[in-house]
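The chain is numbered in sequence order, starting from 1. Atoms within each ligand, like the ligands themselves, are counted from 1 in listed order. Every heavy atom of this structure was used, including side-chain atoms; hydrogens, water molecules and symmetry mates were not. Because the structure is a prediction, the values reported are computed rather than measured.
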Amino acid sequence: MTTLITNIKELLQVRAISVAKVSGAEMAILPTIKNAYLVIKDNFIADFGSMNDVPKIDTDKIIDATGKIVLPSWCDSHTHIVYAGNREQEFVDRINGLTYEEIANRGGGILNSAKKLNETSEEEIYQQSKARLEEVMRLGTGAVEIKSGYGLTVEGELKMLRVIQQLAQNYSITIKATFLGAHAIPTAYKENRKGYIDCMLNEMLPEIAKNKLADFIDVFCETGYFTVAETEAIMEAGIKLGLKPKIHVNQFNSIGGIQAGVKYQALSVDHLEVMTKEDIMALKNTETMPVALPSCSYFLSIPYTPAREMIAQGLPIALATDYNPGSTPSGNMNFVVAKACIKMRMTPEEAINAATINGAYAMGISETHGTITIGKKANLIITKPIPSYYQLPYAFGSNLIETIIIEGEILA
Ligand code: NIG
Ligand code: FE
């Protein structure tokens, strides 16, 4: 099956030779071709270039993209889209004055979602999660990482990871699974946190590794959740079983989680709303991707990741949604890109790099996703006719996407 897209007003993120990630000043450069064509063969990008050189080939389908922009699908490297129910009541409680931390301390928050998850059947969780996955695919996401972490019991965590596995089997979108048993200390272990950590390391992890249910291991390293020493022990146990760490750090407090992530060569450190100069310096010249989650900052009214300071120090940044029931009930990467421009002062070029190739890096898939490069997956967004790609962040509340292509197929 060969598809030819013609008359593309501007083809974004074209890289003849793909890079693994872009950092610092390079983030401001978004290579494009104006008046372009692109050829898809089966599920791969087979060719692209200027319309002046459009090849004369047999095609099964031609898409005329006059006036439209084409770019690689968003790569959302941090989500929790497998969960049961919602936390609307906590949202209203926050409007009425309680903080996210106060709600969590009362037994709400993650523990509230854990209770719901353990009471809900695997099939029902699958149905709810599949609707969220389909929703984000329609919003232009072509690869997604999904975490466990609302089970907090052996059975609950395995149930979540099996749902992620089932989604990965049933959908063409690339899905990476992360074990986040260390999301909170469950109520049953309130007085025995060591007991819960032992349960994760001795019961959950071996079962997960045996059944190949996760690619990555995550820890919520934060005051009131897991300490730096605990985070290190959990990362170490995961690494021994082949799981690379991606950790939640510096959401509310800077307690040394970034330094721990760097020490254990975490693929990414995520959140970063509260960053000291030392935290920024610790990430310099490392292979660890800093991931910002501006929809979480927006929803919780907490600080935004200091992108300008980080980019000025030569760091890369990836952008992701954090789609979850408590801090970010939204999986809209278009909104994330807009928020990064509006609130973090990232330029459109930096934000698009952060949401494509750097997001791919934060999932370990930049060889196959995140740029327009021959041989990469044909995961594409075709916009409606728009004046320029600046519209993507500028018209922040509009749906500018017309067509989604995943693995060479138009999403119906
Ligand atoms: O990434 N911070 C930790 N975990 C999630 C929120 C979890 C929840 O409130 O359910 C996050 O923001
Ligand atoms: Fe998260």
Side-chain angles (χ1 to χ4, degrees), residues 76-91 93-94 98-118 125 128-129 132 136 144-152 156-157 160 164 176-186 216-226 231 234 245-255 257 261 266-274 289-305 318-331 333 336 339 359 362-363:
D76 187 355
S77 67
H78 182 139
T79 84
H80 310 246
I81 65 174
V82 170
Y83 60 84
N86 63 64
R87 305 227 297 272
E88 286 168 355
Q89 184 55 50
E90 293 181 6
F91 168 60
D93 291 344
R94 279 197 302 106
L98 287 180
T99 66
Y100 179 80
E101 279 153 308
E102 283 165 349
I103 291 167
N105 293 340
R106 295 198 313 187
I110 295 168
L111 297 183
N112 181 356
S113 287
K115 186 168 180 291
K116 288 195 172 88
L117 187 121
N118 282 293
I125 295 165
Q128 292 186 20
S129 307
R132 294 182 200 111
V136 304
V144 65
E145 180 259 18
I146 310 176
K147 301 174 194 296
S148 69
Y150 291 122
L152 311 181
E157 287 297 306
M160 288 188 77
I164 300 172
K176 291 285 176 182
T178 299
F179 170 53
L180 176 57
H183 202 186
I185 300 285
F216 307 119
I217 186 157
D218 198 342
V219 182
F220 187 15
C221 180
E222 180 59 63
T223 309
Y225 293 85
F226 291 86
T231 302
I234 296 162
K246 282 170 65 66
I247 56 176
H248 283 71
V249 292
N250 292 51
Q251 183 175 7
F252 302 108
N253 299 283
S254 168
I255 60 170
L267 184 57
S268 69
V269 285
D270 302 29
H271 270 289
L272 317 178
E273 288 89 341
V274 176
M289 176 64 69
V291 180
L293 310 167
S295 292
C296 174
S297 300
Y298 173 75
F299 191 71
L300 294 186
S301 302
I302 60 175
Y304 288 82
T305 303
L319 289 166
T321 63
D322 198 18
Y323 194 174
N324 76 75
S327 72
T328 324
S330 163
M333 281 294 284
V336 164
K339 274 281 159 261
M363 290 186 271

(request) Applying side-chain hydrogen bond (donor to acceptor under 3.5 Å, both in side chains) between Tyr83 and each of Gln128, Arg132, Lys116, report the one that passes. (result) Arg132

(request) Distance to 0.1 Å, residue and atom name: give those for the protein heavy atom nearest to atom 2 (N) of ligand 1. (result) Gln251 OE1, 2.6 Å

(request) Please report which non-hydrogen protein atom sits nearest to atom 4 (N) of ligand 1, along with the residue it belongs to and the distance in Å to one decimal place. (result) His183 NE2, 2.8 Å

(request) Answer with yes or no whether the side chains of Asp270 and His248 bring together a donor and an acceptor at under 3.5 Å. (result) no

(request) Would you mind listing which atoms of ligand 1 come within a distance below 4.0 Å of any non-hydrogen atom of His271? (result) 1 (O), 2 (N), 11 (C), 12 (O)

(request) Please examine the side chains of Val274 and Asn253, heavy atoms only from C-beta on, and report whether any two atoms are closer than 4.5 Å. (result) no

(request) Taking the side chain as every heavy atom from C-beta outward, state whether Ile110 and Leu152 have any atom pair closer than 4.5 Å. (result) yes

(request) Looking only at non-hydrogen atoms, find the nearest pair between Ile234 and Ala182 and report the distance. (result) CD1-CB, 3.8 Å

(message) Closer than 4.0 Å to some heavy atom of Tyr100 - which atoms of ligand 1 meet that?
(response) 6 (C), 7 (C), 8 (C), 9 (O)

(message) Check contact between Glu222 and ligand 1, using heavy atoms of the residue and a distance below 4.0 angstrom.
(response) no

(message) Quick check: closest heavy atoms across Leu180 and Val219, and the distance to 0.1 Å?
(response) CD1-N, 3.8 Å

(request) Would you name the heavy atoms of Met363 and Leu267 that are closest together and state the gap between them? (result) C-CD2, 4.0 Å

(request) Determine, using heavy atoms of Tyr225 and all atoms of ligand 1, whether some pair is separated by less than 4.0 Å. (result) no

(request) Give a yes or no on whether the backbone of Phe299 and the side-chain of Arg94 come within a donor-acceptor separation of less than 3.5 Å. (result) yes

(message) Restricting to under 2.8 Å, identify the protein N, O or S atoms around the Fe ion (ligand 2) as residue plus atom.
(response) His78 NE2, His80 NE2, His248 NE2, Asp322 OD1

(message) Taking side chain to side chain contact (heavy atoms under 4.5 Å, CB included) as the criterion, tell me which of Asn324, Thr328, Val136, Val144 meets it with Thr79.
(response) Val144

(request) Determine whether the side chains of Gln89 and Asp93 contain a donor N or O and an acceptor N or O closer than 3.5 Å. (result) yes

(message) Quick check on contacts: which atoms of ligand 1 are under 4.0 angstrom from a heavy atom of His78?
(response) 1 (O)

(request) Identify, for atom 10 (O) of ligand 1, the protein heavy atom at the shortest distance, and state residue, atom and that distance. (result) Tyr150 OH, 2.6 Å

(message) What protein heavy atom lies closest to atom 12 (O) of ligand 1? Include the residue and the distance to one decimal.
(response) Ser327 OG, 2.6 Å

(request) Assign the ring pair His80 / Tyr150 to parallel, tilted or perpendicular, where the plane angle (0 to 90°) is split at 30° and 60°. (result) tilted

(message) Tell me whether Tyr83 reaches ligand 1 (any heavy atom closer than 4.0 angstrom to a ligand atom).
(response) no

(request) Looking only at protein heavy atoms, identify the closest one to atom 11 (C) of ligand 1 and say how far it is in Å. (result) Asp322 OD2, 3.1 Å

(request) Check Asn86 against Pro325 and note the closest heavy-atom contact, atom names and distance. (result) CA-CB, 4.5 Å

(request) May I ask you to check whether Ser113 has an N/O atom sitting below 3.5 Å from an N/O atom of ligand 1? (result) no

